[in-house]
Amino acid sequence: MDAEDHVDRFGTVGGELCVGGVPLRRLTARVGSTPYFAYDRDAITARVQRLRAALGPEVELGYAVKANPMPAVVAHLAGLVDWLDVASAGEMHVALDASGAPARTSFAGPGKTDAELEQAVAAGVLVELESAGEANRVVGVGERLGVRPRVAVRVNPDFVVKGSGMRMGGGPQQFGVDVEQVPGLLDLLAERDLGLEGFHLFAGSQNLHAEIIAEAQQRTVELLLALADKAATPIRYVNLGGGFGIPYFEKDRPLDLTAVGERLRGLVAERVRPALPEAHVVIELGRFLVGEAGIYVTRVVDRKVSRGTTYLVVDGGMHHQLAASGNFGQVIRRNYPLVVGDRLGEDRGERADIVGCLCTPLDVLGTGVAVPDARVGDLVVLFQAGAYGRSASPLGFLGHPAPPEVLL
Ligand SMILES: Cc1ncc(COP(=O)(O)O)c(C=O)c1O
């Protein structure tokens, strides 16, 4: 997908990109300063509706708060999805404020501190255990508080999901309990009377291949059903992970959600329901829910030509939108889709490098981008900025102010 496709998704008025129906210059005046992030709530709602239609009524949806923890975004999603997944006590507080539903909140991630475990157990959140050591610590927390902890086991599978931008399962991992060690852990949980609700398997993220996702879900279901057989108590929670990707680069094609949905519906009907008729079957998504609904807006503060290359220097950069600079897990830097968002109708006859305001050569937002004859004051818009943007960037690097966020 190219930048034009993203412009079409948001819509335009008089040569300006719109977010939530508000043209870019007016939106910028409303925010009061650049740079900033803007998220479109209707786009998030529409995405959830599409997912519901594709996945059917048997599959519950979780939102991984780490993708975008802005409280207003989390509150909006809390009204649309079934579960919120958090990765720290900080995210847990945002999630609980938003949903008021600890029973539908899960807490995954390595390195949970005793203080975090205590807060989660006290709140009644489902703790997804990443190791035997963590299980023992949760037992201790439960005894201290006089509260029976609710737990699930995060499983590190014995297979790898190919085609993921980031892999979190298969081989040695800091995430989850190796599948071959799970039976031993189940014995410990049964002995210590922990409230085991089920299993979670998250093998990777940013996958655009429907066939690979469907195969991974099939293997995940088989593996978790085999583990469910070994559990001392009935399994009521089966979290199959997610990993649905979004198209960041020009050659990327959107995920075929219909194909994923068809296969998953069949899998749940044929394999999960006969064995576990009552279990919550959950798909846990972050970027797929919010990534495409957000933009990052910066203003051109300088234009210069150096030995034949035109540079547009903007007031934002990698300290706000690290991923677009290619420094968030990418092997080769490629451009995120971007446009001069207040001069859309104009002929894009110039090629320029768009660079941020940080004093490091890493701070590049676009190389060789076709732009109109851009001027100081123009507004540069980066798409696909709704997930892992502000909260996944080094905001303190070089001491510039943190960017505001708005949800329209
Ligand atoms: C346990 C878990 N769940 C969900 C996610 C969300 O992934 P994505 O935003 O790619 O959907 C991640 C990503 O790191 C994760 O580790």
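This one's a predicted model, so the numbers in the text were calculated from it and none came from an experiment. Atoms within a ligand are numbered from 1 in the order they appear, just like the ligands themselves.
Side-chain contact check for Ser106 and Asp85: at least one donor-acceptor pair (N or O, by modelled atom type) lies under 3.5 Å. Between Gln119 and His93, the side chains place a donor N or O and an acceptor N or O closer than 3.5 Å (distance only, hydrogens not considered).
Looking at residues two or more places apart in sequence or on another chain, you find a ring pair (Phe, Tyr, Trp, His ring centres under 6.0 Å) between Tyr336 and Tyr248, Phe249.
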Close N/O pairs between ligand 1 and protein, under 3.5 Å:
{"from": "ligand 1", "atom 1": "3 (N)", "to": "Glu284", "atom 2": "OE2", "distance (Å)": "2.4"}
{"from": "ligand 1", "atom 1": "7 (O)", "to": "Tyr388", "atom 2": "OH", "distance (Å)": "3.4"}
{"from": "ligand 1", "atom 1": "9 (O)", "to": "Arg287", "atom 2": "N", "distance (Å)": "2.8"}
{"from": "ligand 1", "atom 1": "9 (O)", "to": "Tyr388", "atom 2": "OH", "distance (Å)": "2.5"}
{"from": "ligand 1", "atom 1": "10 (O)", "to": "Arg287", "atom 2": "NE", "distance (Å)": "2.8"}
{"from": "ligand 1", "atom 1": "10 (O)", "to": "Arg287", "atom 2": "NH2", "distance (Å)": "3.3"}
{"from": "ligand 1", "atom 1": "11 (O)", "to": "Gly286", "atom 2": "N", "distance (Å)": "2.8"}

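Annotation: side chain to side chain donor-acceptor pair (under 3.5 Å) contacts involving residues 386-408, sequence neighbours excluded, comprise Tyr39-Glu405.
The shortest heavy-atom contact between Gly243 and Leu285 is N-CD2, 4.1 Å.
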Exercise answer: donor-acceptor pairs, residues 224-232 side-chain atoms, under 3.5 Å, sequence neighbours excluded:
none

